[in-house]
Amino acid sequence: MAFEDQIVKYTQTVAELDAVDTTNLSDGQQASVENEGIYVLDKTADEWTQTTLKAPYILSSYRGLKISEFIDTNDITVDQKAALSTAMNELRLRGRYYELDLEGRRLGIDGVMDFGAIWEGNNSQGTKVIKNGWVSALTNTEADRTEFTLLVTTHIGEKEITFPPGSAVTMGMYITGPGVARESYVVRVDTAAGTAVLNTRAWRSVTEITHRFINFQYMFDFRNITSLLNFQFKDMVFEALGRISIFNGPKGRDEADKIGTGGGGTISFSRCIFSKPVDRGITFWTSGGSNLQVDNCQGISNEDDVAPVDRKSVFCTVTTNDVKFRGNYIWQFGHTLVLHGSGNVIVGNHFWQARQKRPEEPESFETRTASIILTSANNKTNIVGNYIDNSWIELANDNTVEQNWPLGGGVTITGNQFTTVSKIGTYGFIALAPYKPNSSCARISVVGNVFKNVDGGAVPPVVPMEKADVLIVPQGSNGSIDRSQVSQIYWRSNSYNQVKKSTSSELTIEKVVAAGSETSTVGFSFQELFPWNFYPRAVLSTSVYSAKTAAGVASPTPVMVDDNLGSNYIINMRLGEPRSGRFGITVSCNPPIEQ
């Protein structure tokens, strides 16, 4: 008898196989269950046992899970957290399951899904996909949101902080105050000793200054999970309804000598909608979010009716390296991205940070905030082909160790559209935010972008902005730029519309000296013409056009320039003798290369 003739054919579920009358079947009888594999009958125990038996004509037992195998109602008002938790745990534990299909259902979730308590174990291995579903928050978690203030001591460049022993500080809490970088979270804590280790480094030293601690509540909270390895969410709607935050990443490895080392694998969100999170959309607060990918997603703010300067929400915070953020549309959060790591790729997104003020709203709605914030120097980030709408890009160093690490450090900003309807004339599109005194600045490329200010139908028309760049000195930071320590700044080939003063890293200025007013010195001012008001550092060329002496004699003699480059904004051209004519000079804000 052929092998396949010995197998009883069952094509549905294991439950149906268990219901089979085995009276006339022999011990060792084999049965095939669709997508599950081969089972063998144990007559003594009267039960079927799955085997590892394979043959060329038997398909692998790998299949996907369906949420209908775990829930028995479609009622959105019923808490279905337990069913979803069980399904996700089964997906994680069983190697034969690749994905969990929510089958287009809308599931109601009451409170927080704490996967540290839900999962049997502390991580997820192998590629896993959760797709095609709608998860809604049923209740407001405000009552469970712990928030308090403590007197904190920090030391510049260090991650450890101190606070009163016995305080209720817990792992994963958000901390904000004058001693810590933005988007700082507690990685490890010793409450008895009154010490904690943060995911960021202090940008200044303070002694017993008030800081605020907040324990955000997340719909999907993985803070007590070590890692998610190749975990993917596809075609999902996360509906927070202003009641809860949405996704909190795993903690990563927490070793005694290296806090948060060891990446958490690839975690990705594809074609997902994040609707109205109360505080945070996506938070990866330690190394557990290494290589995050967010593609073709939407972020809908809960703070449309709040002035941008008063908003508290952040769509996505990432501590670690290699974030890929592509093709997303993010709408009116306080900030869209706060990135601490390097190697980021931000391509083809639309960040709509603010809107035109309505007549009944206060003037604070004219304010704007940064959509993209890079807090570390030498961060090596590409920002390409995005629509930066009513917001700006901010390059900062509040999460930087060494004092002399430059702002920027490998940032390329290329082919983006910057647009605003703001009436504030001092508004800029790309900001430097030095948190430390005498910060240097290097390796920033701003090429082929469009900077536009539109009136949006406002009456009177919007006043054209002064410049496309701006320098922000954070309050209380004592931050500043050392303009004599600037190098590799490439700002060129950009387009300006209703922006009064364009910016370039290489400038040519010409002046005409009329006959009868001959002079031996021509002064050129470069103030507010270089990016971020940098100094002229190198003369690239000089030009003399139709120069004549007072006697009308042609005098094409080359000229000399002062050697005070890099110390102020004025360059004097020495003509050698009183002359008239047209004179030009081309200067760069980058220093020359010495040999």
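- Checking T381 against N344 by side-chain atom types alone, a donor-acceptor pair falls below 3.5 Å.
- Between V135 and M236 the shortest heavy-atom distance is CG2-CE, 3.8 Å.
- For R212 and E147, the salt-bridge test passes: some basic side-chain N is under 4.0 Å from an acidic carboxylate O.
- Shown here for W285 and V187, the closest heavy-atom pair between the two residues is CZ3-CA, 3.9 Å.
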Step-by-step side-chain hydrogen bond (donor to acceptor under 3.5 Å, both in side chains) determination, T153 to E208: CA-CA 5 Å; T153 297; E208 294 189 336; 5.4 Å; no

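- Contact of the C272 side chain with the F238 side chain is registered, since non-hydrogen atoms from C-beta on lie closer than 4.5 Å.
- For V278 against K312, the heavy-atom pair with the smallest separation is O-CE, 3.6 Å.
- Partners of R271 under the side chain to side chain contact (heavy atoms under 4.5 Å, CB included) rule, at least two apart in sequence or in another chain, are D235, N296.
- Just one of H335, K276, Q332, E303 meets the side-chain contact (heavy atoms from CB on, under 4.5 Å) condition when paired with S313; it is E303.
- Paired with I161 under the rule side-chain contact (heavy atoms from CB on, under 4.5 Å), one option of I175, V206, T195 passes, and it is I175.
- A salt bridge links R106 to E239: at least one charged side-chain nitrogen sits closer than 4.0 Å to a carboxylate oxygen.
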Working for side-chain hydrogen bond (donor to acceptor under 3.5 Å, both in side chains), residues S440 and D482: CA-CA 6 Å; S440 60; D482 183 350; over 6 Å; no

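- A donor and an acceptor atom, one from each side chain of D221 and N248, are located under 3.5 Å apart.
- Within the structure, ring pair (Phe, Tyr, Trp, His ring centres under 6.0 Å) pairs that include any residue of residues 368-393 comprise H350-Y387, W392-Y427 (at least two apart or interchain).
- Of all heavy-atom pairs spanning N199 and S184, the tightest one is OD1-CA, 3.2 Å.
- In this structure, K436 does not pair ionically with D398, as no charged nitrogen and carboxylate oxygen lie closer than 4.0 Å.
- Classified by interplanar angle (parallel below 30°, tilted 30° to 60°, perpendicular above 60°), the ring pair F429/F451 is tilted.
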Test log, rule ring-ring contact (aromatic ring centres under 6.0 Å, His included), inputs F269 and F274: CA-CA 10 Å; F269 298 89; F274 299 81; 5.4 Å; yes

Stepwise side-chain hydrogen bond (donor to acceptor under 3.5 Å, both in side chains) test for T420 and N390: CA-CA 4 Å; T420 187; N390 280 282; 3.0 Å; yes

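- Using a 4.5 Å cut-off on side-chain heavy atoms (C-beta onward), F534 and C441 make contact.
- Using a 4.0 Å cut-off between charged side-chain N and carboxylate O, R145 and D279 make a salt bridge.
- Ring pair W119/F231 is tilted by interplanar angle, where 30° to 60° counts as tilted.
- No hydrogens or angles considered: nothing links the side chains of S270 and Q232 as a donor-acceptor pair under 3.5 Å.
- In this structure, the side chains of T319 and T286 stay at 4.5 Å or more apart for every pair of heavy atoms.
- Side-chain contact check for S391 and S371: at least one donor-acceptor pair (N or O, by modelled atom type) lies under 3.5 Å.
- Residue-environment remark: NZ (K324) exceeds the threshold of 12 foreign heavy atoms within 6.0 Å.
- T139 and D110 share a side-chain donor-acceptor pair at under 3.5 Å.
- With rounding to the nearest 0.5 Å, the separation of OG1 in T146 from OH in Y174 is 16.0 Å.
- Residues N379 and L339 fail the side-chain proximity criterion, which asks for heavy atoms closer than 4.5 Å.
- Side chains of H155 and S205: a donor-acceptor N/O pair is absent below 3.5 angstrom, by distance only.
- Contact between A137 and A240 at its shortest, heavy atoms only, is CB-O, 3.7 Å.
- For the pair F365 and R368, the tightest heavy-atom approach, listed with the atom from each and the gap, is O-NH1, 3.1 Å.
- Using bins of under 30°, 30° to 60° and over 60° for the plane-to-plane angle, the ring pair F247/F222 lands in the tilted bin.
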From CA spacing to verdict: side-chain hydrogen bond (donor to acceptor under 3.5 Å, both in side chains), R201, N399: CA-CA 5 Å; R201 302 180 185 275; N399 183 34; 5.4 Å; no

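- Identified under the side chain to side chain donor-acceptor pair (under 3.5 Å) test for residues 160-172, with sequence neighbours left out: none.
- Within the cation-pi definition used here (under 6.0 Å to the ring centroid, within 45° of the axis), R92 does not qualify as a partner of F115.
- For the atom pair CD1 of I383 and CG of L374, the computed distance is 5.0 Å after rounding to the nearest 0.5 Å.
- Between R358 and D305 a salt bridge is recorded (basic side-chain N to carboxylate O distance below 4.0 Å).
- Under the 4.5 Å side-chain criterion, counting only non-hydrogen atoms from C-beta, L102 is not in contact with W134.
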